[in-house]
> 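Take a look at this one; I'll ask things after.
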Amino acid sequence: MTTLDVAAIKRQFPLLQRELNGMPLVYLDSANTSQKPQVVIDSMSTFMERAYSPINRSAYQLAAEATDAYEGARVKVQRFVNARRAHEIIFTKNATEALNLVAYAWGRANLHEGDVVLLTHMEHHANIVPWQMLVQERGIVVRWVPLTADGQLDLATLPQLLEGAKVFGFTAMSNVMGTITPVQQLCSAAHQAGALAVVDACQYVPHNVTDVQAWGADFIAFSSHKMCGPTGIGVLWGREELLQAMPPFLGGGNMIADVRLDGFTCAELPAKFEAGTPPITEAIGLGAAIDFLCELGMANVRRHEIEIAGYALRTLNERFGSDIRLHGPCNVEVRGATFSLEFRGIHPHDLSQVLDQTNVCVRAGHHCAKPLMRELGVNATARASFYLYNDTHDVDMLADALDSASDIFG
Amino acid sequence: MPGLEDLYREIILDHHRTPRNRGELPPPAAHAVGHNPLCGDEIDVYVQVANGVIADVKVGGSGCSISQSSASMMSQAIKGKPLPDVLALVRRFKGMMSIPDEDGNPMEPDLTVKLGDLEALQGVVKYPVRIKCATLSWNTLLDALAQS
Ligand SMILES: Cc1ncc(COP(=O)(O)O)c(C=O)c1O
């Protein structure tokens, strides 16, 4: 028994009731994308059945209601991450678009040839490539924070690396190793050096209490689909002054105050960064996901995952000893329940294929973190990631499935 | 484990454990690198063509049991073969992997082309994500041949 009543939670996820080949699913790929509880599914279908209409554009009652619902979702997000103002919450397509928005709109206005952007070796491609595009286009320079042997950021040379940097972009939690980084400390180090702190919070927000003000961050990005919400919507939070001062990202409807033959003026926040018809139904779904998470309590979710991570570390190490290698820290205080594992030299593709025989769903691949794969000295890893609907039994199922892999690959 | 015998046949595991024709060939042998963007695997194929015959072939890189065994069996099957036979074998193998022809139509198997050990990879078709693993070395071979 852990902090959360996982059996009761699992019952709220219709997909997790599904059996494949007569066996239950052991879904261990939530770092990729999470499953959806009934309340989220219902919120979206009810909205489409009863309240769907355009927002911000029409005077009729139905449209006013839909606008309220959409803006209501923004307020839920604001409270969820403790942002100061609702209009600091920008709805995007996903975390990738949110990070691109920062690099494109803020970056193109503020970064010039020779300017330094500091990233880390454990970034997802979404927090690498948008900056590398500015290397090609602007001649900015990217520096990298290296890692320690146990997959944490090696901060020994951080002050030197930050010298003259304008941006420090880093993940709050690694999607590959589960490492949780000291976000508050990194934000203040960035500010001391005069750099902005851009936090990729895509893996952090679904699993922890998030407080952007306590962090002292400048921008954070995350995706709805990893936190029990639908695909198609993500969030950029930015400090109001920064969002006010920077130019818009995409141009079109909704983001303008006026358009004349000789030019345009931007709308106020948040519309300034929400060009075109937004993902209205998805915002409703994200709002419902946040209600669902708040009911459980994010502190409880985190406690549960500490328990699962501890159990997984103990079980896998006890059962497999030196046959298994788990990347990332073994201290559960600085890691989530996401594990990249190497097992008896079996290729991740083969491993995930064998695990699939008992419906144990893990991801095999580079996890959109090829620079990190090179650091780890592998092409790919098999990654098992646990969430609020996983329990210790799922860990045991993983371990049993690993046994069958040994049988085949000897 | 029920169900996987079709995929992981003994002969596949054998080629995976002890891959044949591993290594490199110096220029003027042709060399191509194939990538499986899904998993980051890379494969190197080196071919030396002399008088219209595959005089030598070597395989490098790393990958899963399917891509490695496919490459190993391929190297055995093509070594010493005239080019037209090799191209026919590539077609036959890709057909077995249910890869369509240039016009997008299913390929009729040319039964005069013998697959030998490669037949063991037949089971891969049931696992569509693995087809890319099985065909990686074959596409890389075509790239290398195009250079020579
Ligand atoms: C750490 C991290 N950043 C960014 C992303 C990108 O998220 P999305 O694909 O939803 O834009 C992911 C998702 O895999 C991630 O894990």
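Letters A, B, ... are given to chains in the order of the sequence lines, protein chains preceding strands, and every chain is numbered from 1. Bear in mind the structure is a predicted one, so any value in this text is a computation, not a measurement.
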> Evaluate whether atom CE of B:Met107 has more than 12 neighbouring non-hydrogen atoms of other residues, nucleotides or ligands under 6.0 angstrom away.
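Yes.
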> Could you tell me which residues satisfy salt bridge (Lys or Arg N to Asp or Glu O under 4.0 Å) with B:Arg130, sequence neighbours excluded, listed by chain and number?
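B:Arg130: salt bridge (Lys or Arg N to Asp or Glu O under 4.0 Å) contacts with A:Asp350.
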> Heavy-atom distance under 4.5 Å between the side chains of B:Arg17 and A:Phe409, does that happen here?
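Not touching, per the 4.5 Å side-chain cut-off.
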> Quick one: closest heavy-atom pair of A:Asn379 and B:Glu42, and the distance?
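That closest heavy-atom pairing would be ND2-N, 4.2 Å.
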> Other residues, nucleotides and ligands only: do more than 12 of their heavy atoms fall within 6.0 Å of CD on A:Glu19?
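Yes, CD of A:Glu19 has more than 12 neighbouring heavy atoms, counting only those of other groups under 6.0 Å.
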> Distance from B:Ser65 atom OG to A:Gln353 atom CD, nearest 0.5 Å?
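B:Ser65 atom OG to A:Gln353 atom CD measures 8.5 Å (nearest 0.5 Å).
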> Compare every heavy atom of B:Tyr8 with every heavy atom of A:His349, then report the nearest pair and how far apart it is.
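Looking at all heavy atoms of both residues, the closest pair is O-OH, 4.5 Å.
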> Is it the case that more than 12 heavy atoms not belonging to B:Arg22 sit under 6.0 Å from its CZ atom?
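Yes, the 6.0 Å shell around CZ holds more than 12 heavy atoms from other groups.
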> Using a cut-off of 6.0 Å, state whether more than 12 heavy atoms not belonging to B:Asn105 lie near its atom CG.
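Yes, the 6.0 Å shell around CG holds more than 12 heavy atoms from other groups.
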> First locate atom NE2 of A:His347, then atom CD of B:Gln68, and finally report the distance between them rounded to the nearest 0.5 Å.
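Separation between the atoms: 8.0 Å.
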> Could you tell me which portion of B:Ser67 (side chain, backbone, both or neither) has an atom closer than 4.5 angstrom to a non-hydrogen atom of chain A?
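No part of it gets close to chain A.
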> Show the nearest heavy-atom pair for residues A:Ile408 and B:Leu13, with the distance to one decimal.
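Shortest heavy-atom separation between A:Ile408 and B:Leu13 comes out as O-CD1, 3.7 Å.
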> Name all residues meeting the side chain to side chain donor-acceptor pair (under 3.5 Å) criterion together with A:Asp356; count only those two or more places apart in sequence or in a different chain, and write none if there are none.
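Here no residue qualifies.
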